[in-house]
Asks: 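Next up is a structure, given as structure tokens.
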Amino acid sequence: VQKSLTRFVACNRGSRLQLVTMVSSSRTTTPDPGNADIILFQDIFIVSNVDGSKFDNVTRLEAKGENYGTMVILDYPNELISFDLNERFTLVTARTLDLSGQEPDPEKDSYRDINSASGRSRGVDGEQVQDLSVGYELVMCGRVYKFDDSRMGTLGTKVDVLISYGGLLMCLNGDHTALHRFRKGDQVYLLIRK
């Protein structure tokens, strides 16, 4: 599928979410099964509710996943991306954006200069890299602050995964088999594509 994208990359900087770069590019997007070891969770969601009444620049959406029935509640920066009711989007969470699976190095990966024509980025050391974020419209970096499996015995195998992206929160509620790869304290990247 050929599509023109505006990509926004946000990164958790202490207690603030900071926009790192914006990119316009044209790219063919196809899933890569070789990234399975770095992907924590992936599904296509349908938006069931959008509420932007609490904050000026933040909107909260609720959506249900098509494949696993996972529910997501997500706070997102509405200046960067918007959603409509019944709109479909792909949500991916990953351990790292590095396609080789290496953990990010804060000294080298804190900022990347994006070449919009090739979809490649250049790190602070000048080395060209291509990462998982290519082809996604919103990318944020955050931390898992809660993994709640206390209801597993009473309500089947449902778990809650709560992640903070610099104060923008996400809650995934679903079956343990779909969400078992998350661990409290882990750094997690969120990638969204419409």
Side-chain angles (χ1 to χ4, degrees), residues 1 3-12 15-20 22-23 29 31 39-95 97 132-133 135-184 186-194:
V1 175
K3 61 193 292 192
S4 179
L5 299 175
T6 300
R7 184 169 58 148
F8 303 97
V9 180
C11 192
N12 187 355
S15 63
R16 288 179 27 124
L17 187 70
Q18 180 181 36
L19 181 66
V20 175
M22 297 188 322
V23 180
T29 57
I39 303 295
L40 297 169
F41 176 78
Q42 178 175 339
D43 203 349
I44 297 170
F45 285 84
I46 300 174
V47 177
S48 59
N49 188 24
V50 178
D51 178 12
S53 64
K54 295 189 182 192
F55 301 101
D56 290 335
N57 299 325
V58 176
T59 301
R60 177 168 285 180
L61 72 74
E62 296 178 24
K64 184 173 183 177
E66 291 183 348
N67 297 321
Y68 303 105
T70 303
M71 298 297 296
V72 65
I73 300 172
L74 174 66
D75 296 339
Y76 63 91
N78 57 25
E79 295 175 326
L80 303 182
I81 192 168
S82 64
F83 294 93
D84 297 319
L85 285 178
N86 299 316
E87 185 172 15
R88 295 172 58 161
F89 66 94
T90 300
L91 182 146
V92 175
T93 56
R95 293 186 197 286
L97 295 178
L132 187 62
S133 68
Y136 288 90
E137 297 170 61
L138 177 69
V139 178
M140 296 192 294
C141 178
R143 280 219 185 269
V144 176
Y145 69 91
K146 188 173 186 181
F147 183 89
D148 184 5
D149 60 357
S150 62
R151 300 181 300 156
M152 276 188 57
T154 59
L155 296 174
T157 60
K158 297 287 184 185
V159 297
D160 292 322
V161 178
L162 288 90
I163 304 170
S164 175
Y165 297 98
L168 298 178
L169 305 179
M170 180 173 78
C171 175
L172 291 168
N173 173 270
D175 194 87
H176 183 268
T177 56
L179 302 173
H180 73 278
R181 299 183 73 189
F182 291 93
R183 300 286 178 261
K184 184 178 177 181
D186 281 356
Q187 179 173 298
V188 177
Y189 289 91
L190 171 71
L191 302 98
I192 292 179
R193 171 178 53 224
K194 291 185 181 185

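Both backbone and side-chain heavy atoms feed into the values below; hydrogens, waters and symmetry mates do not. Predicted model only: the values in this text are computed from it and were never measured.
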Asks: Could you pull out the closest heavy-atom pair between L179 and G174, with the gap in Å?
Replies: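 Scanning both residues completely, I find the closest heavy atoms to be CD1-N, 3.5 Å.
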Asks: With T93, which of L40, D43, D186 fulfils side chain to side chain contact (heavy atoms under 4.5 Å, CB included)?
Replies: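 Checked L40, D43, D186 against T93; only one passes side chain to side chain contact (heavy atoms under 4.5 Å, CB included): L40.
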Asks: Do you know the tightest heavy-atom contact between G142 and I163?
Replies: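 Closest approach of G142 to I163, heavy atoms only: C-CG2, 4.4 Å.
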Asks: Please verify the inter-ring angle class for F89 with F45; under 30° counts as parallel, over 60° as perpendicular, anything in between as tilted.
Replies: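 Rings of F89 and F45: parallel, as their planes differ by under 30°.
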Asks: Hey, does T70 have a side-chain heavy atom less than 4.5 Å from the side chain of V72?
Replies: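 In short, these two side chains do not touch, never coming nearer than 4.5 Å.
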Asks: Please say whether more than 12 non-hydrogen atoms of neighbouring residues, nucleotides or ligands are located less than 6.0 Å from CZ in F55.
Replies: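 Counting neighbours around CZ of F55, 12 or fewer heavy atoms of other residues, nucleotides or ligands fall under 6.0 Å, so no.
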Asks: Side-chain contact, heavy-atom cut-off 4.5 Å: F41 with V161?
Replies: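 When only atoms from C-beta onward are counted, V161 and F41 do not touch, as no gap falls below 4.5 Å.
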Asks: Compare all side-chain heavy atoms of L74 with those of I192 and state whether any distance is below 4.5 angstrom.
Replies: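 Heavy-atom side-chain distance check passes, below 4.5 Å.
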Asks: At what distance, to the nearest 0.5 angstrom, does CZ of R60 lie from OG of S53?
Replies: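 R60 CZ to S53 OG: 10.0 Å, rounded to 0.5 Å.
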Asks: Taking atom CG of N173 and atom CD of E62, what is their separation to the nearest 0.5 Å?
Replies: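 Reported to 0.5 Å precision, the distance equals 11.0 Å.
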Asks: Roughly how far, to the nearest 0.5 Å, is the CD atom of E79 from the OG1 atom of T59?
Replies: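 Reported to 0.5 Å precision, the distance equals 9.5 Å.
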Asks: Say you draw a straight line from CG of L172 to CG of D175; how long is it, rounded to the nearest 0.5 Å?
Replies: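 Spacing of CG (L172) from CG (D175) equals 13.0 Å.
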Asks: Considering non-hydrogen atoms only, spot the tightest contact between P77 and M140 and give its length.
Replies: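 Closest heavy-atom pair between P77 and M140: CD-SD, 4.2 Å.
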Asks: Do the side chains of K64 and I46 get nearer than 4.5 Å, heavy atoms only?
Replies: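 I46 does not reach K64 side chain to side chain.
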Asks: side-chain contact (heavy atoms from CB on, under 4.5 Å), that's the test. Do R183 and V144 meet it? Break it down for me.
Replies: CA-CA 7 Å; R183 300 286 178 261; V144 176; over 6 Å; no
Asks: What's the shortest heavy-atom distance between L191 and S133, and which atoms?
Replies: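 In this case the closest contact between L191 and S133 is CD2-CA, 3.6 Å.
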Asks: Around atom OH of Y68, are there more than 12 heavy atoms from other residues, nucleotides or ligands closer than 6.0 Å?
Replies: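 Not more than 12 within 6.0 Å, no.
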Asks: Within the 4.5 Å heavy-atom criterion, are L132 and I39 side-chain neighbours or not?
Replies: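 The answer is yes, as the side chains (C-beta and beyond) meet within the 4.5 Å cut-off.
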Asks: Could you report the tightest heavy-atom contact between C171 and D160, atom names first, then the distance?
Replies: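 Closest approach of C171 to D160: SG-OD1, 4.3 Å.
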Asks: Run the numbers on E87 and K194 for salt bridge (charged side-chain N to carboxylate O under 4.0 Å, His left out), then give the verdict.
Replies: CA-CA 8 Å; E87 185 172 15; K194 291 185 181 185; 3.5 Å; yes
Asks: I44 and R88: which non-hydrogen atoms are nearest, and at how many Å?
Replies: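 Heavy-atom minimum between the residues: CG2-NH2, 3.7 Å.
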Asks: For V92 and Y136: C-alpha separation, side-chain torsions, deciding distance, then whether side-chain contact (heavy atoms from CB on, under 4.5 Å) applies.
Replies: CA-CA 10 Å; V92 175; Y136 288 90; 3.5 Å; yes
Asks: Give, for atom CZ of R143 and atom CD of Q187, the distance between the pair rounded to the nearest 0.5 Å.
Replies: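 R143 CZ to Q187 CD: 5.0 Å, rounded to 0.5 Å.
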Asks: I'd like to check L91 versus L190 (side-chain heavy atoms, cut-off strictly below 4.5 Å). Are they in contact?
Replies: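 With C-beta onward as the side chain, the pair touches.
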Asks: Measure the shortest side-chain to side-chain distance between V188 and M170 over non-hydrogen atoms and say whether it is less than 4.5 angstrom.
Replies: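 Sidechains of M170 and V188: no contact.
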Asks: So do F182 and V159 actually touch side chain to side chain, heavy atoms under 4.5 Å?
Replies: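 They are not in contact (no side-chain heavy atoms under 4.5 Å apart), so the answer is no.
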Asks: Is the F147 ring parallel, tilted or perpendicular to the H176 ring (thresholds 30°, 60°)?
Replies: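 It falls in the perpendicular class, over 60°.
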Asks: Does N67, at its CG atom, have more than 12 non-hydrogen atoms belonging to other residues, nucleotides or ligands within less than 6.0 Å?
Replies: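 Yes, the 6.0 Å shell around CG holds more than 12 heavy atoms from other groups.
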Asks: Supply the atom-to-atom distance L61 CG to D84 CG, rounded to the nearest 0.5 angstrom.
Replies: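 Interatomic distance, L61 CG to D84 CG, rounded to 0.5 Å: 11.0 Å.
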